[in-house]
Structure formats: structure tokens, C-alpha cells
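Presented below is the structure to which this report refers.
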Amino acid sequence: EMRGFGQAHEAELELLREEQQKRTEAHAQHVKELEQRLEVQQQQAAEELQRQQEELQRSKEALVEAQVTAEAAALEARAVRMEAASTHAEPNGDILDDQLLRVEEVAMPVAKANSGEVLGLQKRIDLLENRCASLQRRLQSQESVMSTAPLRPSWELKLAAVAGPYVTAVVVTIHRLALGMLRGFLEKLKSEA
């Protein structure tokens, strides 16, 4: 009888072991499925994060571009006001000092060396270069029409490209003063002769 109990007990233990093994395998399979789902969710989250970062970068670039466009429009408006003011120039043809565009008055966006802002600055430079070229052509056409001496020396833009706007402003001012003194001296000589 004990032997029958022992065999029954062994059979029952075997059944329990098999059932436990099945449960362990089912649990392992369930854990594996959950890990796969987690991996898929992490991958989707990483892709979504990447898309959001790209969208943020595009938004920053659009913002910088909009700022550049707005500043260019403000610069254009200021240039138009200066042109209108230049029609009310002093009788000797010089433009009043407070009507000149000063570089330090033009607000520049703060660069943080990120590609969007660099792109914005490059676009701003292009806009300003185009505006300068347009104003230079307009000035040259006005100079050719005017019978009096030009308001600015022909070499001023080349000097500005080489030495910068501040040095150019000083040199042109000295040139104008010297030219004015020479003209005054020549007028005196003509009147004495």
C-alpha cells in the first residue's frame, strides 16, 4: 500500500512539475511578448521624439527667417525714409548726419551657432547685400543725372568692403572736409585772380 501511495505521490508530483513548467514557459512567453511590445513602444517614442525635434528645428529656422524678413523690412522702411529725407538735403548737397544709416542701429539676431540662426544670418546678409547693391545702382543713376558733384566718392563702397563701415565713415568725412577746404581755397584764388 505504501508503494501505491509513493507511486501516486510521484505521479502527482510529476503532474505538478509539468504544470509548473507549463506555467513557467507561459510566463516566460508573456514576459517576452511584453518586452517586445516595450521595445516597439520605445522605438516609436524615439521616432516621435526625433520628429518633434526636427519640427522644433524647422520652427526655429522659420522664426529666424521671419525675424530676418521683419528686420529687412524695417531696414527697407528706414532706407525709404532716408531717401525721402535726402530730398531735403542741405543746399550744398550733403546729407545731414542724422539722416545717415548707422550700422549699430540695425538690430542683429543673437547667434548661438546653431544652423537655423546661421541660416537666418546668411539670409539677412543676402538681403542687406541686395539692398546695398540696389541703393548703389540708384545712387549711381542719380549721380549720372545730377550735374553737381556726387554726394559720395566713387571709391567709398570698395573701401567699405575692405576696411569696414566705421573706417570708411571716418575716411569719407576727412575726404569731404579736405575737399571742402580745397574748394574754398580754389574759390578764393578765382575771386582774387
Side-chain angles (χ1 to χ4, degrees), residues 1-84 98-138 156-170:
E1 219 175 276
M2 284 298 261
R3 211 174 162 169
F5 280 127
Q7 287 177 348
H9 181 66
E10 282 297 319
E12 192 175 323
L13 281 176
E14 187 63 33
L15 286 174
L16 286 174
R17 282 185 197 125
E18 286 176 7
E19 188 178 323
Q20 182 62 32
Q21 186 177 359
K22 286 180 183 177
R23 284 184 183 171
T24 303
E25 288 173 0
H27 180 69
Q29 181 64 27
H30 184 65
V31 168
K32 187 175 180 180
E33 289 172 1
L34 289 175
E35 287 174 346
Q36 288 174 345
R37 272 197 256 164
L38 177 63
E39 186 178 330
V40 168
Q41 288 176 348
Q42 286 177 337
Q43 185 178 4
Q44 289 173 343
E47 290 171 357
E48 180 64 24
L49 177 62
Q50 180 67 26
R51 281 194 298 271
Q52 293 299 326
Q53 287 174 339
E54 289 171 359
E55 179 63 29
L56 177 63
Q57 182 64 28
R58 284 192 298 273
S59 297
K60 284 181 179 180
E61 289 173 2
L63 175 63
V64 170
E65 187 173 340
Q67 287 174 334
V68 168
T69 303
E71 289 172 4
L75 185 64
E76 179 75 23
R78 180 163 173 78
V80 168
R81 283 195 308 271
M82 288 185 342
E83 282 183 37
D98 61 344
Q99 296 170 342
L100 293 174
L101 176 62
R102 291 174 179 81
V103 174
E104 63 271 9
E105 292 178 0
V106 179
M108 293 290 285
V110 179
K112 296 179 185 172
N114 98 19
S115 63
E117 292 179 3
V118 171
L119 176 66
L121 290 172
Q122 288 172 342
K123 288 182 179 181
R124 179 182 175 79
I125 289 170
D126 289 341
L127 285 169
L128 291 174
E129 285 176 346
N130 290 338
R131 178 65 186 153
C132 286
S134 170
L135 289 173
Q136 181 182 4
R137 285 190 301 272
R138 192 178 298 168
E156 180 180 5
L157 294 175
K158 291 178 186 174
L159 180 64
V162 173
Y166 299 105
V167 173
T168 302
V170 171

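This structure is a prediction, so every number in the text was calculated from the model and none was measured.
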Salt-bridge contact Glu14-Arg17 (side-chain N to carboxylate O under 4.0 Å): yes
Stepwise salt bridge (charged side-chain N to carboxylate O under 4.0 Å, His left out) test for Arg58 and Glu55: CA-CA 5 Å; Arg58 284 192 298 273; Glu55 179 63 29; 2.8 Å; yes
Close side-chain approach of Glu47 to Gln50, heavy-atom, < 4.5 Å: no
Interatomic spacing from CG in Leu38 to CD in Gln36 - rounded to 0.5 Å: 11.0 Å
Rounded distance (nearest 0.5 Å) linking atom CD of Gln7 with atom CD of Glu10: 9.0 Å
Reported CG-to-CZ distance for the pair Asp126 and Arg131, which is rounded to 0.5 angstrom: 15.5 Å
Point-to-point distance, once rounded to the nearest 0.5 Å, from CG of Leu128 to NZ of Lys123: 14.5 Å
Residues Glu39, Gln43; criterion side chain to side chain donor-acceptor pair (under 3.5 Å); working and verdict: CA-CA 6 Å; Glu39 186 178 330; Gln43 185 178 4; over 6 Å; no
N-O pairing of Lys22 and Glu19 below 4.0 Å: no
Gap between atom CG of Leu49 and atom CD of Gln42 - 0.5 Å precision: 12.5 Å
pair Glu25-Gln21: side-chain heavy atoms closer than 4.5 Å: yes
Verdict with reasoning, Glu48 to Arg51, per salt bridge (charged side-chain N to carboxylate O under 4.0 Å, His left out): CA-CA 5 Å; Glu48 180 64 24; Arg51 281 194 298 271; 2.6 Å; yes
Side-chain donor or acceptor of Thr24 paired with backbone N/O of Gln20 under 3.5 Å: yes
CZ (Arg23) with more than 12 external heavy atoms under 6.0 Å: no
